[in-house]
Amino acid sequence: MGILGLEGGSPTEVSVGFRRGWMRHIKIVLASAGYLAVVAAAINLLAKQPREGFGLLATWGPWPFLAMAGLYLVGHFLADLTGTVRMSFASMVNEATRTADALTQLAENGGRSTEEVRRLAIYAAQEFPSVYGRLDQQDHALSSIADVVCEIRAHQKRGSGAKDDRS
């Protein structure tokens, strides 16, 4: 499993194959090659058939470029958001592990620590609803972003359908 970059560090670490190891380099090369292919095709079209190429650009208007820029920005925003969510989950797991270790250690100390264990359990029970509330807020934000992306896609489809009808 080490060759794919899936080996883990701590038991609470979450790792995904495309974020580590040699697979990350392939992802970067493929994305760069895709961008290069689009730019090369546009240059080739404008060099060989400038009238048709600029006519196509005039017909489409600025929307394809705005959509590409928007998708690029949304992609980077979602990547940053994913990193933030991953870090918050890792911190939650670390804190839960520390709490469990503390509860175990207190339970091992004997009868005099029973009251402390009870207080710590009550505190942990009071803190978990706020953690779940933050997760619900993140779910709501991700749902809103998905709705916006779907609206952009629907707008693009309506725009391309209307242009096909005019032809």
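Sequential numbering from 1 along the given sequence is applied to the chain's residues.
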#### Entry: Exercise: identify the closest heavy-atom pair between S88 and V85
OG-O, 2.7 Å
### Task
Kindly give the heavy-atom pair with the smallest separation between A121 and L103, and that separation in Å.
N-CD2, 4.3 Å
### Task
Enter the distance from T82:OG1 to F77:CZ here, rounded to the nearest 0.5 Å.
9.5 Å
### Message
How long is the straight-line distance from CG of N44 back to CD of Q49, given to the nearest 0.5 Å?
### Response
9.0 Å
### Message
Determine whether a donor-acceptor pair (N or O, by modelled atom type, separation under 3.5 Å) exists between the side chain of S144 and the backbone of H140.
### Response
yes
### Task
Quick one: pull up CG in L73 and NE2 in H76 and give me the separation to the nearest 0.5 Å.
7.5 Å
### Task
State the OG-CE distance between S91 and M87, to the nearest 0.5 angstrom.
8.0 Å
### Message
I need the L142 CG to D147 CG distance, nearest 0.5 Å.
### Response
11.0 Å
### Task
Kindly indicate whether the side chain of L81, heavy atoms from C-beta on, has any atom under 4.5 Å from the side chain of I145.
yes
#### Entry: Test item: E95 and M92 side chains (from C-beta on) under 4.5 Å apart, heavy atoms
no
### Task
Tell me whether W60 is reachable from L45 by hopping between hydrophobic residues (I, L, V, M, F, W, Y) whose side-chain heavy atoms are closer than 4.5 Å.
yes
### Task
Look only at the side chain of N94 and the backbone of A90, and say whether a donor-acceptor pair between them is shorter than 3.5 Å.
yes
### Task
For E52, check salt bridge (charged side-chain N to carboxylate O under 4.0 Å, His left out) against everything at least two apart and list the hits.
none
